[in-house]
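Numbered from 1 within each chain, the chains take letters A, B, ... in sequence-line order. Worth knowing before you read on, the calculation uses all heavy atoms, side chains too, and leaves out hydrogens, waters and symmetry mates. Please read all numbers here as calculations on a predicted model, not as lab measurements.
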Amino acid sequence: MNLGELSEQEQIRRQSLAELRELGIDPFPAEAYPVNTTSTEIKKQYSAEKNNFLDVSVAGRLMGKRIMGKASFAELQDHAGRIQLYITRDDICPGEDKTTYNNIFKKLLDIGDFVGVRGFVFKTQMGEISIHVKELKILSKALRPLPIVKEKDGKVYDAVTDPEFRYRQRYVDLVINPKVKDVFIKRTKIYNSLRELFNSRGYLEVETPILQSIPGGAAARPFITHHNTLDIPLYLRIANELYLKRLIVGGYEGVYEFSKDFRNEGMDRTHNPEFTVMEIYVAYKDYNWMMDFTEEMIEKTAFDLNGTTKVKVGEKEIDFKRPFKRLSMIDSIKEYTGVDISGMNEEQLRKTCKDLSIEIDESMGKGKLIDEIFGEKVEDHLIQPTFIIDYPLEMSPLCKKHRSNPDLTERFELIVNGQELCNAYSELNDPVDQLERFQEQLKLSEKGDDEAMYIDYDFIRALEYGMPPTSGMGIGIDRLTMLLTNQPSIQDVLFFPQMRPEKKDSVDSPEKFRKAGIPEDWVEPLQKMGYKTLGALRKVEKYKKLHQDLCGFNKKNKLGLKNPTQDEVKMWIDNPL
RNA sequence: GAUUCUGUAGCUCAGCAGGUAGAGCACCUCCCUUUUAAGGAGGGGGUCCUGGGUUCGAGCCCCAGCAGAAUCACCA
């Protein structure tokens, strides 16, 4: 690593690291540090009357230092929160040697370093519960400076808000923005709450393949990869539906999986290439049962998470209290457009779309047209949780036909805040019907629909052995988390959202520059001017301009170097090596 | 993919009509024994995203590119 590239603050920290070592202190000690409580535990339980917490030891990052002569205050941040440290010179340096305080604490310790402290708890004159430190130990040195975020009366100063910084360096985001940590703790609580419900019913959590040779169970563009030994293409799963149903065929009563799915499609505030869906399948049930179950599940999760069924989402308040409104798709369209589309043929639907000024194209069939009307005119209005029931047949190739209307399917979606949250069926278990539906998808695919489903003959074979009547439901976990934690973007509920790779400019060593005939003194100036590699230097077309720039740089930065001649500069560029 | 906005110190952001790059925090030095986003004084630190162009002169104007955000389209 070329020291010239480091910022001043990084250089100082590396210098401090070296000085610590000279003092015989290991800045990265191997041994465990015994901790007996946490910052928040102390703040919650301490009372001056009880005079408790007489011997505490806590560990965490140093987040602030306020030095006033022989006494100092510092902020320690552990996994639970923050607590103030009170450090006096003579307490941590009982003997004659005051190095620990004067040098190590005051100079060589920086914000971001991990330390362990032992001492007793007391309250300062300002009323702040603090640890009076008797022993201080360096646990790990930070070589990069942390952005400093300050807070007073709930008001945050200098918060790091740049999304790119926050998402790319989530580890820093988590350190300096404590609310970010809470979101992810809540995300895990959501998982726990759901698991608790499913397990209490005796449903089995399972794992099914992520690498699939036929990406089935949804309409979406998959990621393709290749297996070398088998020499076949494999796809990252877009859904796990068909595998879970195979397990129902195998005889389990209920199975569920938190499934990382992958879709090679657009990215935006609500879409990440990999995302999580929880899918559950229960035998001998239908979609009516599943609707009740879904209500129960969501109400429980919302309550487990926030202690109430009400959630603030942006400006709105959403209440997940049972029961949710239930509307058939046709009724919902009637309610929001005044048009009754029941029994309409394709022509009539087309006209309706035109009347409602909805953009359509020739390729759209009946189901797609109805879906367009719903998406344009209805969905946005559904803020409070609402079940939309009985979808057109063409849109649901894995769903059982409606028991009383063959144009419809026994399907519901749960819409919240104008967005689809859950999707569920009475699962299609008639293998002959299923094969026909797949074949229709194949036709779509031949017409150029790159999202149409593939035919999975093994899945058909499984159904031919017999699958009990089953209801299945999928719920977008990322979206659920966004709703329940009031986060506007999917990137805020994923630790590491997908981003374009960072551009890393390579740097040639000074050694390499020297070998190419460039005088040592000029290597650093050249690199500072942006010519980090010999390649970059070779690309220079106007050697006279470079010569000018070099002389200018020399003068401007008062390097005091002897300027090269134009010919010399030309040689640096032309030198073939 | 389209449109709009943004890119200046480690962080948050100023900057004008085109004329030698600024503030606060952070960092460094010195002084201070209980401070509360910030004790006092002084001091360092910048390829103003990149590359072209206009100009005597560009952080600022023009063109192209890169990155990010918002809105829209497709999708969960």
Would you measure the distance from the [atom1] atom in [N] across to the matching atom in [M] and give it in whole Å?
N     : M     : atom1 : result
B:C27 : B:U34 : C1'   : 25 Å
B:G18 : B:A58 : C1'   : 6 Å
B:U35 : B:U71 : P     : 47 Å
B:C66 : B:C28 : C1'   : 35 Å
B:C25 : B:G57 : C1'   : 34 Å

Closest approach to the side chain of [X], judged atom by atom: which nucleotide of [options] is it?
X      : options             : value
A:Q491 : B:A69, B:A76, B:U35 : B:A69
A:V160 : B:A76, B:U12, B:U35 : B:U12
A:Q125 : B:C11, B:A69, B:U35 : B:U35
A:D162 : B:U12, B:U34, B:A76 : B:U12
A:F165 : B:A76, B:A73, B:C11 : B:C11
A:K107 : B:U33, B:C11, B:C30 : B:C30
A:K368 : B:U35, B:C75, B:A67 : B:C75

So which of A:D478, A:V313, A:D492 actually passes side-chain contact (heavy atoms from CB on, under 4.5 Å) with A:Q487?
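Among the candidates, only A:D492 passes.
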
Positive for side-chain contact (heavy atoms from CB on, under 4.5 Å) with A:L136, one of A:L109, A:I104, A:D91
A:L109

Between A:Y287 and A:D390: side-chain donor-acceptor atoms closer than 3.5 Å
yes

Taking atom types as modelled, find out whether A:E413 and A:Y391 have a side-chain donor-acceptor pair closer than 3.5 angstrom.
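Their side chains do contain a donor-acceptor pair, which is all the 3.5 Å distance test asks for.
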
Please write out the pairs of protein N or O atoms and N or O atoms of nucleotides 24-27 of chain B separated by less than 3.5 Å, giving the distance to one decimal.
residue: B:G24; atom: N2; partner: A:D158; partner atom: OD2; Å: 3.3
residue: B:C25; atom: O3'; partner: A:K150; partner atom: NZ; Å: 2.8
residue: B:C25; atom: O2'; partner: A:K150; partner atom: NZ; Å: 3.2
residue: B:A26; atom: OP1; partner: A:K150; partner atom: NZ; Å: 3.4
residue: B:A26; atom: N3; partner: A:Q9; partner atom: NE2; Å: 3.1

Going from CZ on A:R61 to CZ on A:R82, what distance comes out if it is rounded to the nearest 0.5 angstrom?
11.0 Å

Rounding to an integer number of Å, can you tell me how far [X] [atom1] sits from [N] [atom2]?
X      : N     : atom1 : atom2 : answer
A:D268 : B:U4  : CG    : P     : 20 Å
A:E279 : B:A76 : CD    : C1'   : 11 Å
A:Y101 : B:C32 : OH    : C1'   : 10 Å
A:N417 : B:A76 : CG    : C1'   : 15 Å
A:Q498 : B:G68 : CD    : C1'   : 15 Å
A:M126 : B:A38 : CE    : P     : 12 Å
A:D380 : B:A73 : CG    : C1'   : 14 Å
A:F374 : B:C75 : CZ    : P     : 14 Å

When we call it a touch if two heavy atoms are under 4.0 Å apart, what does [X] touch: a base, just sugar-phosphate, or nothing?
X      : value
A:D90  : nothing
A:N272 : base
A:F122 : base

Watson-Crick or G-U wobble partner for [N], using a 3.5 Å limit on both distances?
N     : value
B:A14 : none
B:C5  : B:G68
B:G57 : none
B:A41 : B:U29
B:U36 : none

5' priority, RNA chain B, between A:S16 and A:E164 [closest heavy atom]
A:S16

Let me know, please, whether A:M499 or A:R263 comes out on the 5' side of the other along RNA chain B by nearest nucleotide.
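Counting from the 5' end, the first nearest nucleotide belongs to A:M499.
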
Does [N] have OP1 or OP2 sitting under 4.0 Å from an N or O in the side chain of [X]?
X      : N     : result
A:R269 : B:A69 : no
A:R66  : B:A38 : yes
A:R168 : B:G68 : yes

Considering residues at least two apart in sequence or located in another chain, which fulfil the salt bridge (charged side-chain N to carboxylate O under 4.0 Å, His left out) criterion with A:K141?
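Only A:D110, A:D113 meet the salt bridge (charged side-chain N to carboxylate O under 4.0 Å, His left out) criterion with A:K141.
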
Heavy-atom neighbours of A:K106 NZ exceed 12 at 6.0 Å
yes

Could you walk me through whether A:F53 and A:F120 pass the ring pair (Phe, Tyr, Trp, His ring centres under 6.0 Å) check?
CA-CA 6 Å; A:F53 290 115; A:F120 63 87; over 10 Å; no

Show your reasoning for whether side-chain contact (heavy atoms from CB on, under 4.5 Å) applies to A:V180 and A:D173.
CA-CA 7 Å; A:V180 174; A:D173 190 30; 3.6 Å; yes

When only distance counts, do a donor and an acceptor, one from the side chain of A:Q84 and one from the base of B:U35, lie under 3.5 Å apart?
yes

Is any side-chain N or O of A:T88 under 3.5 Å from a base N or O of B:U33, one able to act as donor and the other as acceptor?
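By the distance-only test, no, there is no pair.
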
Applying ring pair (Phe, Tyr, Trp, His ring centres under 6.0 Å), run through A:F122 and A:Y46 and close with a yes or a no.
CA-CA 8 Å; A:F122 76 111; A:Y46 175 76; 8.4 Å; no

Determine whether a donor-acceptor pair (N or O, by modelled atom type, separation under 3.5 Å) exists between the side chain of A:R237 and the backbone of A:D261.
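Flag not set: sc A:R237 to bb A:D261 has no pair under 3.5 Å.
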
Between A:Y235 and A:F223, is the ring centroid distance below 6.0 Å?
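Distance test on ring centres: not under 6.0 Å, no.
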
Please give me every residue in residues 236-244 of chain A whose heavy atoms get under 4.0 Å of an atom in RNA chain B, ordered by residue number.
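By residue number: none to list.
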
